[in-house]
There are 2 protein chains.
Amino acid sequence: MITVFQRKNMNYSRQRDLIMEYLKTTSCHPTAEKIYEKVKLQEPNISLGTVYRNLKQLVDNKMILRLHMGDGVDRFDANISEHNHLYCTNCGKVYDLEKKIPDKVVQNIYTSDFQGENKIDGFVIYFYGKCRSCKLLN
Amino acid sequence: MITVFQRKNMNYSRQRDLIMEYLKTTSCHPTAEKIYEKVKLQEPNISLGTVYRNLKQLVDNKMILRLHMGDGVDRFDANISEHNHLYCTNCGKVYDLEKKIPDKVVQNIYTSDFQGENKIDGFVIYFYGKCRSCKLLN
DNA sequence: GTCCTTGCAAATAGTTTGCAAGCCG
DNA sequence: CGGCTTGCAAACTATTTGCAAGGAC
């Protein structure tokens, strides 16, 4: 029985496992601090440093994504499939935008030229606006 | 004679003026620290706090842009016209991508739907890759 | 004169790191 | 056992803020 960690040549560690499991259950794009609080419920001795170290390792191994929504705090996402994010400028929460940007559009963005001067490896789009709940409040 | 600051209901201040002037001369997307060093040459007593306060004010008044390229430092850009940015993952510099993303594509991104559930006010695209210089080195 | 802005220094927020002890394979 | 991982606390980086003095209008 090969674990998801072994597949990435990572040792098993209870702390890392709990972090990964928590991230897989949520779509709220938690910050390191929030992850720490949650995992602490099951592993009271865990330290914030450990959380940061594991998040870094999981990101490096492409098991999770790190989002920089521009408010100074990194957020994490275990959903590594192609999707985009909306930062609600009212409540500060980050939402998944289910609908993909059409392949044709992505293609268009990539080849949008840049005169072949640079080598574009990828891009990230961050959307800003109001989430459904906040929209309804006004 | 109405200054660019008065137009925005901002007082004149020599420090703010120097920051703005420096930003207008460069396209290197400097960090606050770098701006501080540069302006210090002309205004040796200026403090870093003043630089941060003015940058914030200029951003709030939409006279400059604040970029979050994901490396933990904010960068600033006096070019507020529509353009995108490339972060070179090799040298860490930020470049302007002159060519716009075609209006049709932008339109497509906006109306890409999101089911009208959220209200999208805008989006930012950050490109990652290698700049021309770094590409040539390999 | 009033309100805005400054320099300075201290404070804060998020994140990283050195170390000795503990766990995985 | 050897190397990876941990908890803890201290360190670090980028940025913000309180305050008394100085400048704009």
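Order of the sequence lines sets the chain letters (A, B, ...), proteins ahead of strands, with each chain counted from 1.
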Q) So which of residues 14-43 of chain B are in contact with DNA chain D, with a heavy-atom cut-off of under 4.0 Å? A)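 Correct list: empty, so none.
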Q) Between the side chains of B/H29 and B/D96, is a donor N or O closer than 3.5 angstrom to an acceptor N or O? A)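 Judged by distance alone, the side chains do pair up.
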Q) How do A/G49 and B/M10 order along DNA chain D: which one's closest nucleotide is nearer the 5' end? A)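 The residue closer to the strand's 5' end, by nearest nucleotide, is A/G49.
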(Q) Check this for me: B/R66, atom CZ, are more than 12 non-hydrogen atoms of other residues, nucleotides or ligands nearer than 6.0 Å? (A)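 More than 12 heavy atoms, drawn from other residues, nucleotides or ligands, come within 6.0 Å of this atom.
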**Q.** B/K38 NZ: over 12 foreign heavy atoms closer than 6.0 Å
**A.**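 Open: at most 12 neighbouring heavy atoms sit under 6.0 Å from NZ of B/K38.
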Q.
Quick check: on DNA chain C, is the nucleotide nearest A/R66 upstream (toward 5') of the one nearest B/V51, or the reverse? Name the residue that is more 5'.
A.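 Between the two, 5'-proximity favours B/V51.
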(Q) Going 5' to 3' along DNA chain C, which are the first and last nucleotides with any atom under 4.0 Å from a heavy atom of chain B? (A)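 With heavy atoms of chain B under 4.0 Å away, the range is C/dC4 to C/dC8.
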Rounded to whole Å, how long is the line connecting atom [atom1] of [X] with atom [atom2] of [N]?
X     : N      : atom1 : atom2 : result
B/N54 : D/dT17 : CG    : C1'   : 15 Å
B/Q57 : D/dT16 : CD    : C1'   : 15 Å
A/N45 : D/dA9  : CG    : C1'   : 15 Å
A/L58 : D/dT5  : CG    : P     : 11 Å
B/K56 : D/dT16 : NZ    : C1'   : 10 Å
B/Y12 : D/dG23 : OH    : P     : 13 Å
B/F5  : D/dA24 : CZ    : C1'   : 13 Å

Q. Do any side-chain nitrogens or oxygens of B/Q6 fall under 4.0 Å of OP1 or OP2 in D/dA24?
A.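 Result: no.
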Q. At under 4.0 Å, does any side-chain N or O of B/Y52 touch on OP1 or OP2 of D/dT15?
A.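 Answer is yes, contact under 4.0 Å.
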Q: Taking the side chain as every heavy atom from C-beta outward, state whether A/K135 and B/N118 have any pair of such atoms under 4.5 Å apart.
A: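 A/K135 vs B/N118: side chains apart.
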Q: Determine the interplanar angle of the B/F123 and A/F127 rings, folded into 0 to 90°, and report it as parallel if under 30°, tilted if 30 to 60°, perpendicular if over 60°.
A: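 Tilted: the ring planes of B/F123 and A/F127 meet at 30° to 60°.
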To the closest 0.5 Å, what do you measure between [atom1] ([X]) and [atom2] ([Y])?
X      : Y     : atom1 : atom2 : value
A/T3   : A/M10 : OG1   : CE    : 9.0 Å
B/T50  : B/L55 : OG1   : CG    : 10.5 Å
A/K119 : B/T89 : NZ    : OG1   : 8.0 Å

Extract all donor-acceptor atom pairs below 3.5 Å that involve side chains of residues 15-24 of chain A and protein atoms in other chains or at least two apart in sequence.
{"unit_1": "A/R16", "atom_1": "NH1", "unit_2": "A/N54", "atom_2": "OD1", "d": "2.7"}
{"unit_1": "A/R16", "atom_1": "NH1", "unit_2": "A/Q57", "atom_2": "OE1", "d": "3.3"}
{"unit_1": "A/R16", "atom_1": "NH2", "unit_2": "A/N11", "atom_2": "O", "d": "2.9"}

Q: With heavy atoms under 4.0 Å as the rule, sort B/I46 into base, sugar-phosphate or nothing.
A: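 Since only primed, P, OP1 and OP2 atoms lie under 4.0 Å of B/I46, the category is sugar-phosphate.
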Q: Return the nearest nucleotide to the side chain of B/D74; candidates are D/dT5, D/dT17, D/dT15.
A: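 The nucleotide sitting nearest to the side chain is D/dT15.
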